[in-house]
Amino acid sequence: MQAVVHAVIHRGAVRPGNEDTLAVGDWIAGNDVERPKRFTHDLSAPLAVIVADGMGGHAAGDVASRYVTETIQQGAADVADAEAAGDLLIHANRRLYEAMDTGVGAPGMGTTVAGVILRQDATVQFNIGDSRVYRMDPGARALTQLSVDDTPGPKQDNGRTAVQT
């Protein structure tokens, strides 16, 4: 079984720099990836797809997003269900606090994170904060939001985002 992943990140229009980190398997990027990159992976081993959005306005959001992404990458192969994903996120959070205690990054750094771990037998999605996970089915004309925001945002209807205007 194979997975095809298209990945892109952009700093957005508000901040002068990008504090995001994006990972697909072993590939990791911390700068703008403005042109979508296409990855095809054999799922004989689990594949982690992660995006972490460093919290702008906080010190070292780029360090936090990279640190959390790398921690999740390292433990992704052992994640088979939602409980294991939750345990891995708790571990990543603990490691981020340890990093701050030892002088890596800056006090108060933080990140949101969202992703999926694709396995032959299951797909495990996770998110913390307002970073989102979407799915596009073959032939579909729209994305379906899989994650649930942990922060207030647009109203949601049956898993699809309804934008308020």
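Throughout, residue positions are numbered sequentially from 1 according to the sequence presented.
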**OP:** If a pair satisfies salt bridge (Lys or Arg N to Asp or Glu O under 4.0 Å) and one of its residues is in residues 90-108, list it, with sequence neighbours excluded.
**Re:** none

**OP:** Hey, could you give me each pair passing salt bridge (Lys or Arg N to Asp or Glu O under 4.0 Å) that has a residue in residues 62-76? Not counting sequence neighbours.
**Re:**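 For residues 62-76: R66-E70.
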
**OP:** Taking side chain to side chain donor-acceptor pair (under 3.5 Å) as the test, write out the residues that go with R38, two or more places apart.
**Re:** T40

Original post:
Between F126 and V133, is a side chain to side chain contact (heavy atoms under 4.5 Å, CB included) present by the stated rule, with each step listed?
Top reply: CA-CA 8 Å; F126 56 88; V133 175; over 6 Å; no

**OP:** Find out whether I128 and V68 are in side-chain contact, i.e. whether some heavy atom of one side chain is under 4.5 Å from a heavy atom of the other.
**Re:**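 No, their side chains stay 4.5 Å or more apart.
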
Original post:
Atom CD in Q74, atom CG in L88: separation rounded to 0.5 Å?
Top reply: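 Here the rounded value is 9.5 Å.
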
Original post:
Between CD1 of I28 and OG of S65, what distance do you get to the nearest 0.5 Å?
Top reply: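 It comes to 8.5 Å.
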
**OP:** For side chain to side chain contact (heavy atoms under 4.5 Å, CB included), just list the numbers for R132 and Y134, CA-CA rounded to whole Å, side-chain angles, deciding distance to a tenth of an Å, and then say yes or no.
**Re:** CA-CA 7 Å; R132 295 177 175 172; Y134 292 91; 3.1 Å; yes

Original post:
Minimum heavy-atom separation for S147 to N127, with atom names?
Top reply: CB-OD1, 3.3 Å

**OP:** Specify the closest pair of heavy atoms between G61 and E19, including all atoms of both residues, with the distance to one decimal.
**Re:**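 Distance-wise, the nearest heavy atoms are CA-OE1, 3.5 Å.
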
Original post:
Considering residues at least two apart in sequence or located in another chain, which fulfil the side-chain contact (heavy atoms from CB on, under 4.5 Å) criterion with R135?
Top reply: D137, T144, L146

Subject >> Contacts of D81 that satisfy side-chain contact (heavy atoms from CB on, under 4.5 Å) - sequence neighbours left out >> reply: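 With neighbours one apart ignored, the set is E83, A84.
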
**OP:** Answer with yes or no whether the hydrophobic clustering places I90 together with Y67; edges join I, L, V, M, F, W, Y residues whose side-chain heavy atoms lie under 4.5 Å apart.
**Re:** no

Original post:
Do L143 and V4 belong together in a cluster built from hydrophobic side chains that touch within less than 4.5 Å?
Top reply: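 As far as the 4.5 Å side-chain criterion goes, V4 and L143 are not connected within one cluster.
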
Original post:
Excluding sequence neighbours, so at least two apart, what forms salt bridge (Lys or Arg N to Asp or Glu O under 4.0 Å) with D42?
Top reply: none

**OP:** Apply side chain to side chain contact (heavy atoms under 4.5 Å, CB included) to V24 and H41, showing your working.
**Re:** CA-CA 9 Å; V24 179; H41 280 270; 4.0 Å; yes

Subject >> The single option from T21, V51, L22, D20 passing side chain to side chain contact (heavy atoms under 4.5 Å, CB included) against T69 >> reply: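 For T69, the side chain to side chain contact (heavy atoms under 4.5 Å, CB included) check succeeds only for T21.
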
List the atom pairs, with distances to 0.1 Å, where a side-chain N or O of residues 104-123 and a protein N or O form a donor-acceptor pair under 3.5 Å, not counting sequence neighbours.
| unit_1 | atom_1 | unit_2 | atom_2 | d |
| --- | --- | --- | --- | --- |
| T111 | OG1 | D53 | N | 3.3 |
| T111 | OG1 | D53 | O | 3.1 |
| T112 | OG1 | S131 | OG | 2.4 |
| R119 | NE | D121 | OD1 | 3.3 |
| R119 | NH1 | A77 | O | 3.3 |
| R119 | NH1 | V79 | O | 3.1 |
| Q120 | NE2 | L43 | O | 3.4 |

